[in-house]
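Worksheet: the structure to be examined is printed underneath.
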Amino acid sequence: MNKYVERLYNGVVKENPTFVMMLGMCPTLAVTTSAINGAGMGLSTTVVLAAANLLISALRKFIPDKVRMPSYIVVVASLVTIVQLLLQAYIPSINEALGIYIPLIVVNCIIFGRVEAYAAKNPIGVSFFDGIGMGLGFTIALIAIGAFRELLGAGTLFGYAVMPESFEPIAIFVQAPGAFLVLAMLTALQNKFKLPSATNTGRNSGLSCGGNCANCSSETYAAYHSDLNKAKEIAATVNAKKTQKED
Amino acid sequence: MNSEYFVNLLIVFISAAFVSNVVLSQFLGICSFVGISNKIKTATGMGVAVIFVITLASLIASAIYKAILYPLGLDYLKTIVFIMVIACLVQFVEMVIKKFSPTLYNALGVYLPLITTNCAVLGVALINVQADYDVITSIVNGFGTAVGYTVAIILMAGIRERMEYNEITKSFKGSPIVLITATLMAMAFYGFAGLV
């Protein structure tokens, strides 16, 4: 697979920031009251993430190791300000609906995680595609959760009524408790079907890397990969034994 | 400074702490709320550290906005300035308490680095600007928000300590049950809605 395509695949499927890595929970819970809000948040984050990865990767040889966190913060905060001003000018409705969650992209774990774990160590091209892949993965997840909550909580999808008139909207799904409930069900299903997720790797990392955004990225990734590899090894040995018996 | 002003401050405090609870209705600081709420002791430590930092950050961010950014027409720089101020503040607080109070440092030190990227701190600073609060109201709002966070995380830790030995359906062990608890707590906090 082409290394750029591999980055996109990695972001959207293999290490999906929301469904697999369980990062950036604040925006995930807060803005997914409708699919369109989820899309707005996801795409804004994608722009910031891709541009931040690109810039940090280009500057990685010039930023001294000691001041790297403050430098990243300044770069990311500047990009977020640009995105916010653009939204204010061209899509004021989304800007109004997302409110303070747009400037709060600055403290989104996904962005620091990717910048620290990937862009600071890799060349410009792949870092940029890594940002786009992760951003798209985040966007798809937010749209999916947003659509689910909107459908049950308001009976609409992207603002259009799709449910039959006899459907009584379950209003709690678009309210605050509904956000927690949907995420709880999601993680429970992941446990049930043993889907890869940061919440069931058996480590303490869990949701949003145990609250430590800045340091979580590389640790969580490492933990996740070592667990995945261990599981694969066990599966391989079991299979090997099976074939031996059959022989 | 009349009595109306103080009543208003009280309303701001109650509404920040309970009615629109920072974690359970605004989803700020979820990371640490879920991440380090397994023991009451650590939850209390984190809560106290958050109260300390948010109150101080509200004061400084609001003062900078009112005194420098707004008069100079630079309010579009607020996100950059606030996040830098918060990052520096956390570092500074860490250095100061390490120097002057080793006991306090032992109690709060490990939580301070977690606070820089806690969205609640930046969130409160931005809300203060958005709602156009003056400096004193900002401090009260910040303090109220932080108290709300502390109440929520300590309650959660208490419930989790009790749940530790309960038999939970296998699929719901770990994060799912914590989130279900948060769902119920969020519903319970709706009870405060009519208060203000």
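To find a chain, count down the sequence lines: A is the first, B the second, and so on, and within it residues start at 1. Excluded from the calculations below are hydrogen atoms, water molecules and symmetry mates; all remaining heavy atoms, backbone and side chain alike, are included.
In this structure, no portion of A:L189 lies under 4.5 Å from any heavy atom of chain B. Proximity to chain A (any heavy atom under 4.5 Å) is shown, for B:F189, by neither the backbone nor the side chain. For A:Q88, no part lies under 4.5 angstrom from a heavy atom of chain B. Heavy-atom distances place the side chain of A:T81, and not its backbone, under 4.5 Å from chain B. Of the atoms belonging to A:Y101, it is side-chain heavy atoms, and not backbone ones, that fall under 4.5 Å from chain B. With a threshold of 4.5 angstrom between heavy atoms, B:A87 approaches chain A through side-chain atoms but not through N, CA, C or O. The parts of B:L24 that come within reach of chain A are both its backbone and its side chain, each placing non-hydrogen atoms under 4.5 angstrom from that chain.
Residues B:L28 and A:I100 have side chains in contact (heavy-atom distance under 4.5 Å, counting atoms from C-beta outward). In this structure, the side chains of B:Y190 and A:Q175 come closer than 4.5 Å at one or more pairs of heavy atoms. In this structure, the side chains of B:I30 and A:F180 come closer than 4.5 Å at one or more pairs of heavy atoms.
Contact between B:C119 and A:C26 at its shortest, heavy atoms only, is SG-SG, 2.9 Å. When all heavy atoms of B:P176 and A:N191 are compared, the closest pair comes out as CG-ND2, 3.6 Å. Taking each heavy atom of A:L104 and B:G123 in turn, the nearest pair found is CD2-N, 3.7 Å.
Atoms OG1 and NZ, on B:T169 and A:K192 in that order, are 9.5 Å from each other to the nearest 0.5 Å. Taken to the nearest 0.5 Å, the NZ atom of B:K78 stands 5.5 Å off from the CD atom of A:Q84. To the nearest 0.5 Å, atom OG1 of residue B:T79 and atom CG of residue A:L79 are 12.0 Å apart.
Residues of residues 27-46 of chain A that come closer than 4.5 Å to chain B, counting heavy atoms only, are A:L29, A:A30, ordered by residue number.
For B:K98, the salt bridge (Lys or Arg N to Asp or Glu O under 4.0 Å) test picks out no residue, with sequence neighbours left out.
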